[in-house]
Amino acid sequence: FVHNIDQDLLRGASSKFHHRLSRSVYPNGSALPSGSDRPPCDRPLPDSHFVRSGLRSPVPLQRASPLPRIPVVVLASALAFPALAATSPEGPRYHIATSEPGNYLAAVIASADRDTDAAAAYFREALRADPRNLDLIERAFAATLANGDAKEAYGLADRLAARDPGNSLARLALATRAFANGNYAGARAQLAAGEAGRARDVTSLLLTAWAYAGAGDLGHALDSLDRITDPSVAVFRDYHAALVADALGNPGEALRRFKLAYAKDPSTLRLVDAYARFLAKQKDIAGAKKVYADFALKTPNHPVVKAALADLDAGKPVQAVVRNPKEGAAEALYGLGGAGTRAGDELASLVYLRLALALRPDHDFAAVSVANLLADMKRGKEAIDAYLAVPKTSPLAESAQIQAAIEYDGLGQTDKGLALLKQVTADHPDDPEAWSALGTLQRSAKDFASAADSYDKAISKISSPDRANWVLFYFRGIAYE
């Protein structure tokens, strides 16, 4: 058989990847291409326009052109073989073949299905039979990384870098491990060793800046960032320059950079949140509230904004979005991952988001983005697990639970979805979104009397219903009918 391997990222073309990033590569609260009228930052419930704008995976304000695919998505168009069967050392879910070609074919098919878990298992099994095969090492590494198994991926990255020292994706993974261990000089060395690092692409410059920040070297950190001269990523550059300056105790430079970024893009949720938190730390509570309020005019009822405003009103201290260089590197990886969430780029994004979570497991936006990507890839069970892994302390946790319930319904497990939503409404009895979601699933189960009751409760929780809430009345009427 004949197969093609797209190795752009692994063979030093990550500069092409990142220079295709569009304006405001940093994840945007709207999560939509320009001009879209869908509710911002939200994956809407079926037939519902009243879903709080708080969950849809963050992506750039404008879409980039299609991104190169990471090797795990290698497709073998001539293959159409069924899954192979045998006893599985990877667990009961997979049936490992007794031959290397069988496991390889199963891995390729799993990759075509975007099943990163199965692809990683089968590629690793094929690699056991041929441990010196560079192609298998690359594929097993990429699939394992996309599947979120950082420890296993780091080991494969070591093997890959030893055989292919200029491999940019391997060097990126090893730099991430160095950040996790607080080895900032090691992180810089790994980034410089890859072909992408020698090309000084956006990823390399961003992470190199945070590595310098880890050494307390603000001058070199800002110099690295200022080498990013492409106007299309100026907001992203200035945003990270502000975070670096704040983390290293230079509030004057941080404020200057925040103002530059915010002036160009006041609609990006993460930038808004970081800027407002910075102002609050500087005792400018009124300024922080205004930044949040201006965002709320365009995107009302966002849970992150509501929670932050509640904390400010209560006089609670607020934490910075990024508190140290390791979190800064995670933030950079998260932002880059958001650039590829368009259809066809999901696995490239997944790799960056997985690396971000490897550095910062409590990064709720990255966790939600991973869950949304898995849902988009039709990996329902994995998406549910990812939604339910969003930290319970996050303002996004409730919306993530609602999304998990919707995924249960999509898998034909409506009873589990209903049970989860009943718990959500018990925990948040005054939230109209929770009742609306419950009504939607009850309609799906053809329990129309209960659905009408849930829509009643949703409407009762809205102080002044307006045109934006028409869909609740409509579907309540359908339930009565």
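Only heavy atoms go into these numbers, but all of them, side chains included; no hydrogens, no water, no symmetry mates. Positions are given from 1 along the sequence.
Aromatic ring orientation, His363 versus Tyr334: tilted (interplanar angle from 30° to 60°). Ring orientation note: the planes of Tyr262 and Tyr275 are tilted relative to one another, at an angle of 30° to 60°.
Remark: Asn250 engages Leu218, Ala245, Glu253 in a side chain to side chain contact (heavy atoms under 4.5 Å, CB included) (not counting sequence neighbours). Shown here are the side chain to side chain contact (heavy atoms under 4.5 Å, CB included) partners of Ala434, two or more places apart in sequence or in another chain: Glu398, Val424, Thr425, Asp431. With sequence neighbours left out, the salt bridge (charged side-chain N to carboxylate O under 4.0 Å, His left out) criterion links Lys457 to Asp453. For Asp294, the side chain to side chain donor-acceptor pair (under 3.5 Å) criterion is met by Lys290, not counting sequence neighbours. The side chain to side chain donor-acceptor pair (under 3.5 Å) check on Lys259 picks up nothing, with sequence neighbours excluded. Every salt bridge (charged side-chain N to carboxylate O under 4.0 Å, His left out) that Lys281 has, sequence neighbours left out, goes to Asp246. Every residue meeting the side chain to side chain contact (heavy atoms under 4.5 Å, CB included) condition with Ala140, not counting sequence neighbours, appears here in chain and number order: Phe123, Arg124, Leu127, Leu156. Every side chain to side chain contact (heavy atoms under 4.5 Å, CB included) that Lys316 has, sequence neighbours left out, goes to Asp311, Ala314. In terms of the salt bridge (charged side-chain N to carboxylate O under 4.0 Å, His left out) criterion, Asp284 has no residue partners (sequence neighbours excluded). When the ring pair (Phe, Tyr, Trp, His ring centres under 6.0 Å) test is applied to Tyr212, the partners found at least two apart in sequence or on another chain are His220. Annotation: salt bridge (charged side-chain N to carboxylate O under 4.0 Å, His left out) contacts of Arg360 (sequence neighbours excluded): Glu327, Asp362.
Within the cation-pi definition used here (under 6.0 Å to the ring centroid, within 45° of the axis), Arg257 does not qualify as a partner of Tyr239.
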Under the criterion side chain to side chain contact (heavy atoms under 4.5 Å, CB included), I'd like the reasoning laid out for Leu421 against Trp435: C-alpha separation, chi angles, the key distance, then a yes or no.
CA-CA 8 Å; Leu421 285 177; Trp435 289 109; over 6 Å; no

Evaluate the salt bridge (Lys or Arg N to Asp or Glu O under 4.0 Å) criterion for residues Lys289 and Asp313: first the C-alpha distance (whole Å), next the side-chain angles of each, then the deciding distance (0.1 Å), finally the verdict.
CA-CA 9 Å; Lys289 288 183 176 181; Asp313 289 338; 2.9 Å; yes

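Residues Asn147 and Thr144 bring no donor and acceptor atom of their side chains to less than 3.5 Å of each other. If you check the side chains of Gln423 and Asp427, you find a donor sitting under 3.5 Å from an acceptor.
Sorted by first and then second residue, the pairs that involve residues 464-481 and meet salt bridge (charged side-chain N to carboxylate O under 4.0 Å, His left out), not counting sequence neighbours, are Asp456-Arg476.
Contact check on Glu331 versus Arg270 returns a salt bridge, with a Lys/Arg side-chain nitrogen under 4.0 Å from an Asp/Glu carboxylate oxygen.
The closest side-chain heavy-atom distance from Phe258 to Leu243 is below 4.5 Å.
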